[in-house]
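These notes are about the structure you will find just below.
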Amino acid sequence: MPDPYSLLKPLLFRLDPERAHGLGLRGLRLARPLGLFRAPALPERELRVLGLRFPNPVGVAAGLDKDAEAVAALFALGFGFVEVGTVTPRPQAGNPRPRLYRLVREEGLINRMGFNNAGLQALRRRLESLRRESLPGPLGVNIGRNKTTPNEEALADYRNCLEGLHELADYVVLNISSPNTPGLRELQSREALHALLEPLLECRDRLRPSLPLVLKVAPDLEEQEIEAICSVVENLGLEGLISGNTTRSRAEIASHALAGEEGGLSGAPLLKRSNRVLELFRAGLPPSVALIGAGGITRGEHAAAKLQRGADLVQVYSGLIFRGPALVTECRRSCLDVLQREAQ
Ligand SMILES: Cc1cc2nc3c(=O)[nH]c(=O)nc-3n(C[C@H](O)[C@H](O)[C@H](O)COP(=O)(O)O)c2cc1C
């Protein structure tokens, strides 16, 4: 039987990318009860990462389901974990449209969405209606600050989100790496990071000590910046790190007509850069800090390569747009091979 996504993709790609995204998410929700796109049963090797059980190491990256509208449907594709958000304390519309572009031949996306999301209270209601215990894998919530909150007050935004969502997530991601919220990436510097993480860890210890906190960083970091982040993460005892977000670099697509569009580049053109940064983080962090590798996975072997470079888990976003649900199965298969070989 042909892959149903190969029939749908030409239709979706004729639409504006953001409209296609909305339709795709709605379609997934509708398709779930009909069993369309249901993932094949594969042998799995359960993993324990961040103190949680994962049926497989392949997850949905943040931003794909910002408001947790399709969590169960995404799990039905075979993902081992799903991360929703980024959520901000107050709802926000994000940047004006158009703000999402496809680089079709390159299998890349450029986005400057700007944390469009329905806000903390709406996400709370959505997550309360989800029975988390019935999901096959962990649910992560990715949190950020509102565009109008200056960095000096960012801590209050992250703290509000943590206080509002700590009971509803299996792990929480502190996103300080979107290129589309002005100034956000400055929180990655040693002093700013320490000043943000220390009180957030205290807050977590007070609310729910067993809740893992994970930091999401950019792939546009110099070696010295990576060293500084590793030392803060290790000293404060943070549980995990996601490497990484979209890139501001256009080196891989310099001559493309869309190269001048503002925003973060993701998908295939990000693979090499994200793998390099992943290796530096693995070398710089103790094994006790879980590492999640994201960026440029468009084939199963790319997911496996991230595990081989030291990632404990991987995440996918853009690849799903270009390859559809078959990519999830491909990644699960390739990762299983790596995990089985490592276990021998
Ligand atoms: C349209 C779009 C929106 C995104 N929104 C978010 C977001 O809200 N929060 C976040 O942490 N990452 C966001 N990301 C980044 C992805 O989670 C991921 O880190 C990045 O795209 C690299 O993975 P990929 O190459 O598989 O897409 C977004 C990516 C895209 C393409």
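Just so we're clear, the structure is a prediction, and the values are computed from it rather than from any experiment. All residue numbers in this chain count up from 1 along the given sequence. Both counts, for ligands and for their atoms, begin at 1 and track the order of listing.
Between Asp337 and Arg332, no side-chain nitrogen of the basic residue sits less than 4.0 Å from a carboxylate oxygen of the acidic one, so the salt-bridge criterion is not met. Of the charged side-chain nitrogens involved, at least one lies within less than 4.0 Å of a carboxylate oxygen, so that Glu107 and Arg299 count as a salt-bridged pair. Salt bridge status for Arg204 with Glu239: present, with a side-chain N to carboxylate O gap under 4.0 Å. Under a 4.0 Å N-O distance rule, the pair Glu202/Arg206 does not qualify as a salt bridge. The pair Glu279-Arg309 meets the salt-bridge criterion, since a charged nitrogen lies less than 4.0 angstrom from a carboxylate oxygen. The existence of a salt bridge linking Arg208 and Glu167 is excluded, since no basic side-chain nitrogen approaches an acidic carboxylate oxygen closer than 4.0 Å.
Of all the heavy atoms of Thr86, the ones lying under 4.0 Å from any atom of ligand 1 are found in both the backbone and the side chain. With a 4.0 Å heavy-atom cut-off, ligand 1 is reached by the side chain of Lys216 but not by its N, CA, C or O. Contacts of Leu270 with ligand 1, taken as heavy-atom pairs under 4.0 Å, involve the side chain alone.
Proximity to Gly295 (heavy-atom distance under 4.0 Å) selects the following atoms of ligand 1: 22 (C), 23 (O), 25 (O). Short contacts between ligand 1 and Ser266, defined as distances under 4.0 Å to a heavy atom of the residue, involve ligand atoms 21 (O), 25 (O), 27 (O), 31 (C). The atoms of ligand 1 that sit less than 4.0 Å from any heavy atom of Asn142 are 10 (C), 11 (O). When each atom of ligand 1 is checked for a heavy atom of Leu100 under 4.0 Å away, the hits are 1 (C). Each of the atoms 24 (P), 25 (O), 26 (O), 27 (O) of ligand 1 lies under 4.0 Å from some heavy atom of Ser318. For ligand 1, the atoms closer than 4.0 angstrom to any heavy atom of Leu109 are 31 (C). Of all the atoms in ligand 1, the ones that sit under 4.0 Å from a non-hydrogen atom of Gly296 are 24 (P), 25 (O), 26 (O). Close approach to Gly63 involves these atoms of ligand 1, each under 4.0 Å from a residue heavy atom: 4 (C), 5 (N), 6 (C), 7 (C), 8 (O).
Evaluation of the side-chain contact (heavy atoms from CB on, under 4.5 Å) rule for Val232 yields Arg190, Leu193, His194, Leu197, Leu236 as partners, not counting sequence neighbours.
The side-chain heavy atoms of Ile226 and Cys230, taken from C-beta on, include a pair separated by under 4.5 Å. At least one side-chain heavy atom of Ile297 sits under 4.5 Å from a side-chain heavy atom of Cys331. Side-chain contact between Val173 and Glu83: present, with at least one pair of heavy atoms (C-beta onward) separated by less than 4.5 Å.
In this structure, Gly244 is part of the shell of residues with a heavy atom less than 4.0 angstrom from ligand 1. Distances shorter than 4.0 angstrom do not occur between any heavy atom of Ser178 and any atom of ligand 1.
Nearest protein heavy-atom neighbour of atom 8 (O) of ligand 1: Lys66 NZ, 2.9 Å. At the top of the distance list for atom 13 (C) of ligand 1, counting protein heavy atoms only, stands Ala62 O, 3.2 Å. Nearest protein heavy-atom neighbour of atom 20 (C) of ligand 1: Thr246 CG2, 3.8 Å. Among all protein heavy atoms, the one lying closest to atom 15 (C) of ligand 1 is Asn245 OD1, 3.4 Å.
Remark: Arg102 is positioned above the aromatic ring of Phe13, its terminal NZ or CZ atom under 6.0 angstrom from the ring centre and at most 45 degrees off the axis.
Between Gly267 and ligand 1, a contact under 3.5 Å exists for at least one N or O pair. Taking only nitrogen or oxygen atoms, main chain and side chain alike, Tyr317 reaches within less than 3.5 Å of ligand 1.
Leu11 belongs to no multi-residue hydrophobic cluster, having no ILVMFWY side-chain contact under 4.5 Å with any other such residue.
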